> 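Below are the C-alpha coordinates for one structure; questions will follow.
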Number of protein chains: 2
Amino acid sequence: MTVPIDFWFSIGSPYTFLAVMRLPEVAEKAGVEVRWRPFDARAVQLDANDVPFADKPLKAAYMWRDIERRAAKFGLPMRLPIPYPLPELEQANRVAVLAADEGWCPAYAIATYRRWFVDRDPAGSEPNLSSSIREAGQDPARVLKQANSGAVADALDAATREAKEIGIFGSPSFVADGELFWGHDRLEDAIEWQHNLDQGNPG
Amino acid sequence: MTVPIDFWFSIGSPYTFLAVMRLPEVAEKAGVEVRWRPFDARAVQLDANDVPFADKPLKAAYMWRDIERRAAKFGLPMRLPIPYPLPELEQANRVAVLAADEGWCPAYAIATYRRWFVDRDPAGSEPNLSSSIREAGQDPARVLKQANSGAVADALDAATREAKEIGIFGSPSFVADGELFWGHDRLEDAIEWQHNLDQGNPG
(Lines give C-alpha, C1' and ligand atoms only; values in the text may rest on other atoms or scores of the structure.)
Protein backbone atom coordinates (compact mmCIF):
# COMPACT_ATOMS: atom_id res chain seq x y z
CA MET A 1 0.00 0.00 0.00
CA THR A 2 1.58 3.25 -1.08
CA VAL A 3 0.48 6.77 -0.27
CA PRO A 4 0.64 9.26 -3.14
CA ILE A 5 2.92 12.26 -3.19
CA ASP A 6 1.15 15.57 -3.86
CA PHE A 7 2.48 17.52 -6.81
CA TRP A 8 1.32 21.13 -6.42
CA PHE A 9 1.76 23.08 -9.62
CA SER A 10 0.50 26.01 -11.67
CA ILE A 11 0.53 26.13 -15.41
CA GLY A 12 2.19 29.46 -16.14
CA SER A 13 5.25 28.91 -13.96
CA PRO A 14 8.31 28.52 -16.18
CA TYR A 15 10.28 26.21 -13.88
CA THR A 16 7.21 23.98 -13.60
CA PHE A 17 7.88 22.97 -17.21
CA LEU A 18 10.85 20.89 -16.02
CA ALA A 19 8.83 19.21 -13.28
CA VAL A 20 5.78 18.44 -15.44
CA MET A 21 7.95 16.89 -18.12
CA ARG A 22 10.13 14.79 -15.81
CA LEU A 23 7.88 13.80 -12.90
CA PRO A 24 5.93 10.93 -14.50
CA GLU A 25 9.08 9.04 -15.45
CA VAL A 26 10.97 9.69 -12.21
CA ALA A 27 7.96 8.69 -10.08
CA GLU A 28 7.28 5.56 -12.08
CA LYS A 29 10.87 4.39 -11.78
CA ALA A 30 10.66 4.77 -8.00
CA GLY A 31 7.22 3.14 -7.83
CA VAL A 32 5.79 6.29 -6.23
CA GLU A 33 2.23 7.37 -6.98
CA VAL A 34 1.56 11.06 -7.72
CA ARG A 35 -1.54 13.14 -7.12
CA TRP A 36 -1.57 16.17 -9.47
CA ARG A 37 -2.80 19.23 -7.56
CA PRO A 38 -3.25 22.32 -9.74
CA PHE A 39 -3.46 25.61 -7.82
CA ASP A 40 -3.05 29.32 -8.53
CA ALA A 41 0.55 30.10 -7.57
CA ARG A 42 0.21 33.69 -8.75
CA ALA A 43 -2.57 34.32 -6.22
CA VAL A 44 -0.43 32.81 -3.44
CA GLN A 45 2.57 34.92 -4.43
CA LEU A 46 0.63 38.17 -4.72
CA ASP A 47 -0.80 37.42 -1.30
CA ALA A 48 2.66 36.93 0.19
CA ASN A 49 4.12 39.93 -1.66
CA ASP A 50 6.61 37.51 -3.20
CA VAL A 51 6.46 37.52 -6.98
CA PRO A 52 9.82 36.02 -7.88
CA PHE A 53 10.67 37.47 -11.31
CA ALA A 54 8.51 40.54 -11.96
CA ASP A 55 10.57 43.75 -11.64
CA LYS A 56 13.73 41.67 -11.35
CA PRO A 57 15.13 41.73 -14.89
CA LEU A 58 18.53 40.23 -14.01
CA LYS A 59 16.95 37.32 -12.19
CA ALA A 60 14.39 36.81 -14.96
CA ALA A 61 17.10 36.72 -17.63
CA TYR A 62 19.02 34.23 -15.52
CA MET A 63 15.91 32.10 -15.05
CA TRP A 64 15.40 31.56 -18.79
CA ARG A 65 19.05 30.70 -19.32
CA ASP A 66 18.97 28.34 -16.35
CA ILE A 67 15.82 26.58 -17.58
CA GLU A 68 17.36 26.28 -21.04
CA ARG A 69 20.52 24.68 -19.65
CA ARG A 70 18.53 22.30 -17.45
CA ALA A 71 16.23 21.33 -20.30
CA ALA A 72 19.27 20.55 -22.47
CA LYS A 73 20.69 18.43 -19.66
CA PHE A 74 17.45 16.44 -19.45
CA GLY A 75 17.01 16.21 -23.21
CA LEU A 76 13.83 18.32 -23.22
CA PRO A 77 13.33 20.42 -26.35
CA MET A 78 12.37 24.08 -25.91
CA ARG A 79 12.74 27.24 -28.02
CA LEU A 80 13.29 30.61 -26.40
CA PRO A 81 11.89 33.21 -26.31
CA ILE A 82 8.39 32.05 -25.46
CA PRO A 83 5.36 34.20 -24.56
CA TYR A 84 5.47 35.15 -20.88
CA PRO A 85 3.60 35.77 -18.66
CA LEU A 86 0.56 33.81 -19.84
CA PRO A 87 -2.44 36.03 -20.58
CA GLU A 88 -4.91 33.30 -19.62
CA LEU A 89 -3.28 31.26 -16.90
CA GLU A 90 -6.49 30.91 -14.89
CA GLN A 91 -8.14 29.23 -17.87
CA ALA A 92 -5.16 26.88 -18.17
CA ASN A 93 -5.42 25.94 -14.50
CA ARG A 94 -9.20 25.56 -14.43
CA VAL A 95 -8.87 22.95 -17.15
CA ALA A 96 -6.10 21.31 -15.11
CA VAL A 97 -8.38 21.11 -12.06
CA LEU A 98 -11.08 19.38 -14.09
CA ALA A 99 -8.47 17.13 -15.69
CA ALA A 100 -7.11 16.13 -12.27
CA ASP A 101 -10.62 15.32 -11.09
CA GLU A 102 -11.25 13.19 -14.17
CA GLY A 103 -7.83 11.53 -14.34
CA TRP A 104 -6.23 13.02 -17.46
CA CYS A 105 -4.18 15.82 -15.90
CA PRO A 106 -0.64 14.59 -16.70
CA ALA A 107 -1.45 14.15 -20.39
CA TYR A 108 -3.00 17.62 -20.58
CA ALA A 109 -0.24 19.37 -18.59
CA ILE A 110 2.53 17.77 -20.63
CA ALA A 111 0.79 18.59 -23.92
CA THR A 112 0.09 22.21 -23.04
CA TYR A 113 3.62 22.84 -21.70
CA ARG A 114 5.12 21.32 -24.84
CA ARG A 115 3.00 23.56 -27.05
CA TRP A 116 4.02 26.57 -24.95
CA PHE A 117 7.75 25.81 -24.73
CA VAL A 118 8.30 24.31 -28.18
CA ASP A 119 5.61 25.77 -30.45
CA ARG A 120 5.47 29.10 -28.54
CA ASP A 121 1.69 29.00 -28.24
CA PRO A 122 0.65 30.27 -24.81
CA ALA A 123 -0.95 27.68 -22.52
CA GLY A 124 -4.51 28.62 -21.58
CA SER A 125 -5.17 30.30 -24.96
CA GLU A 126 -6.18 28.92 -28.34
CA PRO A 127 -4.93 27.02 -30.28
CA ASN A 128 -2.89 25.48 -27.44
CA LEU A 129 -5.87 24.97 -25.14
CA SER A 130 -8.15 22.89 -27.37
CA SER A 131 -5.30 21.00 -29.00
CA SER A 132 -3.92 19.94 -25.64
CA ILE A 133 -7.35 18.87 -24.36
CA ARG A 134 -7.81 16.83 -27.52
CA GLU A 135 -4.34 15.30 -27.15
CA ALA A 136 -5.39 14.17 -23.68
CA GLY A 137 -8.27 12.29 -25.31
CA GLN A 138 -11.05 14.73 -24.38
CA ASP A 139 -13.61 16.79 -26.24
CA PRO A 140 -12.64 20.49 -26.04
CA ALA A 141 -16.25 21.75 -26.26
CA ARG A 142 -17.35 19.60 -23.33
CA VAL A 143 -14.24 20.37 -21.26
CA LEU A 144 -14.24 24.12 -21.80
CA LYS A 145 -17.92 24.41 -20.93
CA GLN A 146 -17.39 22.48 -17.72
CA ALA A 147 -14.08 24.19 -16.84
CA ASN A 148 -15.80 27.57 -16.98
CA SER A 149 -18.54 26.54 -14.60
CA GLY A 150 -18.60 28.00 -11.11
CA ALA A 151 -17.91 24.59 -9.61
CA VAL A 152 -14.50 24.29 -11.25
CA ALA A 153 -13.54 27.89 -10.41
CA ASP A 154 -14.51 27.15 -6.80
CA ALA A 155 -12.42 23.98 -6.84
CA LEU A 156 -9.38 25.96 -8.06
CA ASP A 157 -9.92 28.54 -5.31
CA ALA A 158 -10.26 25.80 -2.70
CA ALA A 159 -7.05 24.12 -3.89
CA THR A 160 -5.25 27.48 -3.73
CA ARG A 161 -6.47 28.05 -0.16
CA GLU A 162 -5.36 24.52 0.80
CA ALA A 163 -1.93 25.13 -0.72
CA LYS A 164 -1.54 28.32 1.33
CA GLU A 165 -2.63 26.54 4.50
CA ILE A 166 0.05 23.90 4.18
CA GLY A 167 2.72 26.53 3.63
CA ILE A 168 3.21 26.33 -0.13
CA PHE A 169 4.62 29.55 -1.60
CA GLY A 170 5.50 28.63 -5.18
CA SER A 171 5.23 26.18 -8.05
CA PRO A 172 6.30 23.44 -8.41
CA SER A 173 6.06 22.03 -4.89
CA PHE A 174 5.92 18.46 -3.68
CA VAL A 175 4.46 17.18 -0.41
CA ALA A 176 5.43 13.73 0.79
CA ASP A 177 3.80 12.74 4.09
CA GLY A 178 3.60 16.38 5.23
CA GLU A 179 7.19 17.16 4.19
CA LEU A 180 7.32 20.10 1.76
CA PHE A 181 9.80 20.30 -1.11
CA TRP A 182 9.93 23.42 -3.29
CA GLY A 183 11.25 23.70 -6.80
CA HIS A 184 11.91 21.32 -9.65
CA ASP A 185 15.39 20.84 -8.17
CA ARG A 186 13.78 18.94 -5.29
CA LEU A 187 11.80 16.53 -7.47
CA GLU A 188 14.18 13.65 -6.84
CA ASP A 189 14.46 14.40 -3.11
CA ALA A 190 10.68 14.37 -2.74
CA ILE A 191 10.30 11.11 -4.61
CA GLU A 192 13.10 9.56 -2.56
CA TRP A 193 11.45 10.74 0.67
CA GLN A 194 8.17 9.07 -0.30
CA HIS A 195 9.95 5.96 -1.55
CA ASN A 196 11.73 5.58 1.80
CA LEU A 197 8.41 5.95 3.63
CA ASP A 198 6.86 3.29 1.41
CA GLN A 199 9.74 0.99 2.29
CA GLY A 200 9.17 1.65 5.99
CA ASN A 201 12.41 3.64 6.40
CA PRO A 202 12.31 6.96 8.20
CA GLY A 203 12.93 9.85 5.76
CA MET B 1 46.26 24.94 -18.79
CA THR B 2 43.02 25.36 -16.87
CA VAL B 3 41.10 28.56 -16.25
CA PRO B 4 39.67 28.95 -12.73
CA ILE B 5 35.98 29.10 -12.01
CA ASP B 6 34.89 32.14 -9.97
CA PHE B 7 33.03 31.34 -6.78
CA TRP B 8 31.14 34.47 -5.74
CA PHE B 9 29.93 34.23 -2.16
CA SER B 10 28.98 36.20 0.92
CA ILE B 11 29.45 34.97 4.43
CA GLY B 12 26.03 35.51 6.00
CA SER B 13 24.04 33.70 3.30
CA PRO B 14 22.61 30.48 4.77
CA TYR B 15 22.60 28.46 1.53
CA THR B 16 26.22 29.45 0.99
CA PHE B 17 27.06 27.12 3.89
CA LEU B 18 26.38 24.14 1.62
CA ALA B 19 28.55 25.53 -1.19
CA VAL B 20 31.49 26.54 1.01
CA MET B 21 31.56 23.12 2.64
CA ARG B 22 31.25 21.09 -0.57
CA LEU B 23 33.02 23.11 -3.25
CA PRO B 24 36.66 22.27 -2.45
CA GLU B 25 36.05 18.52 -2.70
CA VAL B 26 33.80 18.65 -5.79
CA ALA B 27 36.22 20.96 -7.62
CA GLU B 28 39.25 18.89 -6.73
CA LYS B 29 37.64 15.69 -7.97
CA ALA B 30 36.91 17.36 -11.31
CA GLY B 31 40.38 18.94 -11.49
CA VAL B 32 38.82 22.40 -11.66
CA GLU B 33 40.55 25.37 -10.07
CA VAL B 34 38.46 27.81 -8.00
CA ARG B 35 38.94 31.52 -7.36
CA TRP B 36 37.13 32.55 -4.16
CA ARG B 37 35.45 35.93 -4.70
CA PRO B 38 33.86 37.35 -1.54
CA PHE B 39 31.32 40.14 -2.14
CA ASP B 40 28.47 41.81 -0.27
CA ALA B 41 25.34 40.00 -1.46
CA ARG B 42 23.15 41.98 0.92
CA ALA B 43 24.16 45.24 -0.77
CA VAL B 44 23.38 43.76 -4.18
CA GLN B 45 19.99 42.49 -3.01
CA LEU B 46 18.99 45.75 -1.32
CA ASP B 47 19.96 47.50 -4.51
CA ALA B 48 17.76 45.21 -6.61
CA ASN B 49 14.90 45.30 -4.10
CA ASP B 50 15.22 41.54 -3.87
CA VAL B 51 15.90 40.36 -0.34
CA PRO B 52 14.86 36.74 -0.55
CA PHE B 53 13.77 35.80 2.98
CA ALA B 54 13.10 38.98 4.96
CA ASP B 55 9.34 39.52 5.46
CA LYS B 56 8.68 36.09 3.98
CA PRO B 57 8.24 33.91 7.06
CA LEU B 58 6.92 30.86 5.21
CA LYS B 59 9.80 30.88 2.79
CA ALA B 60 12.33 31.47 5.56
CA ALA B 61 10.99 28.54 7.58
CA TYR B 62 11.17 26.39 4.48
CA MET B 63 14.73 27.52 3.80
CA TRP B 64 16.04 26.30 7.13
CA ARG B 65 14.29 22.96 6.78
CA ASP B 66 15.59 22.61 3.23
CA ILE B 67 19.18 23.41 4.24
CA GLU B 68 18.89 20.93 7.12
CA ARG B 69 17.71 18.17 4.79
CA ARG B 70 20.43 18.93 2.23
CA ALA B 71 23.13 19.04 4.90
CA ALA B 72 21.97 15.63 6.18
CA LYS B 73 22.12 14.28 2.64
CA PHE B 74 25.71 15.51 2.25
CA GLY B 75 26.77 14.39 5.73
CA LEU B 76 27.37 17.96 6.94
CA PRO B 77 26.67 18.51 10.64
CA MET B 78 24.59 21.55 11.65
CA ARG B 79 22.41 22.45 14.63
CA LEU B 80 19.34 24.63 14.21
CA PRO B 81 18.40 27.24 15.24
CA ILE B 82 21.46 29.38 14.60
CA PRO B 83 21.80 33.16 14.96
CA TYR B 84 20.44 34.92 11.85
CA PRO B 85 20.92 37.38 10.31
CA LEU B 86 24.56 38.01 11.21
CA PRO B 87 25.10 41.25 13.11
CA GLU B 88 28.60 41.74 11.66
CA LEU B 89 28.54 40.28 8.19
CA GLU B 90 30.63 43.06 6.68
CA GLN B 91 33.43 42.24 9.12
CA ALA B 92 33.17 38.57 8.14
CA ASN B 93 33.44 39.47 4.45
CA ARG B 94 36.25 42.00 4.84
CA VAL B 95 38.33 39.25 6.41
CA ALA B 96 37.34 36.97 3.53
CA VAL B 97 38.54 39.54 0.99
CA LEU B 98 41.93 39.78 2.69
CA ALA B 99 42.05 35.98 2.99
CA ALA B 100 41.31 35.57 -0.72
CA ASP B 101 44.09 38.03 -1.55
CA GLU B 102 46.54 36.15 0.67
CA GLY B 103 45.46 32.63 -0.27
CA TRP B 104 43.80 31.28 2.89
CA CYS B 105 40.15 32.02 2.07
CA PRO B 106 38.77 28.45 1.84
CA ALA B 107 40.21 27.49 5.26
CA TYR B 108 38.77 30.64 6.85
CA ALA B 109 35.35 30.38 5.19
CA ILE B 110 34.95 26.72 6.11
CA ALA B 111 36.05 27.34 9.70
CA THR B 112 33.76 30.32 10.23
CA TYR B 113 30.73 28.59 8.67
CA ARG B 114 31.32 25.52 10.83
CA ARG B 115 31.45 27.64 13.97
CA TRP B 116 28.27 29.43 12.90
CA PHE B 117 26.28 26.36 11.84
CA VAL B 118 27.53 23.86 14.44
CA ASP B 119 28.65 25.91 17.47
CA ARG B 120 26.02 28.63 16.88
CA ASP B 121 28.60 31.44 17.15
CA PRO B 122 27.85 34.13 14.55
CA ALA B 123 30.43 34.52 11.79
CA GLY B 124 32.00 37.98 11.80
CA SER B 125 31.76 38.30 15.61
CA GLU B 126 33.96 37.06 18.43
CA PRO B 127 34.80 34.35 19.36
CA ASN B 128 34.09 32.93 15.89
CA LEU B 129 36.11 35.56 14.05
CA SER B 130 39.48 35.21 15.75
CA SER B 131 39.19 31.45 16.18
CA SER B 132 38.50 30.97 12.48
CA ILE B 133 41.38 33.25 11.46
CA ARG B 134 43.67 31.29 13.77
CA GLU B 135 42.39 27.98 12.37
CA ALA B 136 43.38 29.24 8.91
CA GLY B 137 46.93 29.66 10.22
CA GLN B 138 46.88 33.44 10.62
CA ASP B 139 47.39 35.89 13.46
CA PRO B 140 44.03 37.48 14.38
CA ALA B 141 45.56 40.77 15.58
CA ARG B 142 47.40 41.29 12.30
CA VAL B 143 44.46 40.21 10.16
CA LEU B 144 41.82 42.28 11.97
CA LYS B 145 43.95 45.40 11.84
CA GLN B 146 44.48 44.97 8.12
CA ALA B 147 40.90 43.90 7.36
CA ASN B 148 39.62 47.10 8.93
CA SER B 149 41.82 49.30 6.80
CA GLY B 150 40.27 51.41 4.07
CA ALA B 151 42.04 49.39 1.39
CA VAL B 152 40.22 46.16 2.27
CA ALA B 153 36.85 47.91 2.61
CA ASP B 154 37.46 49.41 -0.84
CA ALA B 155 38.35 45.99 -2.22
CA LEU B 156 35.07 44.56 -0.89
CA ASP B 157 33.15 47.43 -2.46
CA ALA B 158 34.95 46.94 -5.77
CA ALA B 159 34.20 43.21 -5.74
CA THR B 160 30.53 43.95 -5.03
CA ARG B 161 30.37 46.39 -7.94
CA GLU B 162 32.05 43.83 -10.20
CA ALA B 163 29.53 41.18 -9.11
CA LYS B 164 26.64 43.51 -9.99
CA GLU B 165 28.17 44.32 -13.35
CA ILE B 166 28.33 40.70 -14.40
CA GLY B 167 24.70 40.13 -13.39
CA ILE B 168 25.12 38.37 -10.06
CA PHE B 169 22.09 38.78 -7.80
CA GLY B 170 22.71 36.38 -4.94
CA SER B 171 25.09 34.12 -3.08
CA PRO B 172 26.41 31.58 -3.86
CA SER B 173 27.05 32.10 -7.56
CA PHE B 174 29.54 30.49 -9.89
CA VAL B 175 30.93 31.89 -13.12
CA ALA B 176 32.59 29.54 -15.58
CA ASP B 177 33.87 31.25 -18.72
CA GLY B 178 31.22 33.97 -18.47
CA GLU B 179 28.42 31.48 -17.81
CA LEU B 180 26.57 32.31 -14.58
CA PHE B 181 25.20 29.65 -12.24
CA TRP B 182 23.22 30.68 -9.17
CA GLY B 183 22.65 28.69 -6.01
CA HIS B 184 24.37 25.81 -4.29
CA ASP B 185 22.13 23.52 -6.37
CA ARG B 186 24.15 24.52 -9.45
CA LEU B 187 27.57 23.77 -7.95
CA GLU B 188 27.95 20.53 -9.88
CA ASP B 189 26.64 22.06 -13.12
CA ALA B 190 29.16 24.91 -12.88
CA ILE B 191 32.05 22.59 -12.22
CA GLU B 192 30.96 20.33 -15.07
CA TRP B 193 30.72 23.35 -17.42
CA GLN B 194 34.29 24.38 -16.61
CA HIS B 195 35.52 20.80 -16.78
CA ASN B 196 34.07 20.42 -20.29
CA LEU B 197 35.76 23.66 -21.35
CA ASP B 198 39.07 22.42 -19.96
CA GLN B 199 38.61 19.25 -22.00
CA GLY B 200 37.91 21.30 -25.10
CA ASN B 201 34.24 20.31 -25.32
CA PRO B 202 31.60 22.98 -25.78
CA GLY B 203 29.53 23.39 -22.59
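Order of the sequence lines sets the chain letters (A, B, ...), proteins ahead of strands, with each chain counted from 1. These figures come from a predicted structure and were not determined experimentally.
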> Is atom CD of B:Glu28 surrounded by more than 12 heavy atoms (other residues, nucleotides or ligands) closer than 6.0 Å?
no
> Quick one: does A:Asp189's side chain get under 4.5 Å of B:Arg70's, heavy atoms only?
yes
> Supply the atom-to-atom distance A:Arg69 CZ to B:Arg186 CZ, rounded to the nearest 0.5 angstrom.
7.5 Å
> Out of curiosity, A:Asp66 CG to B:Trp182 CH2, how far, rounded to the nearest 0.5 Å?
9.0 Å
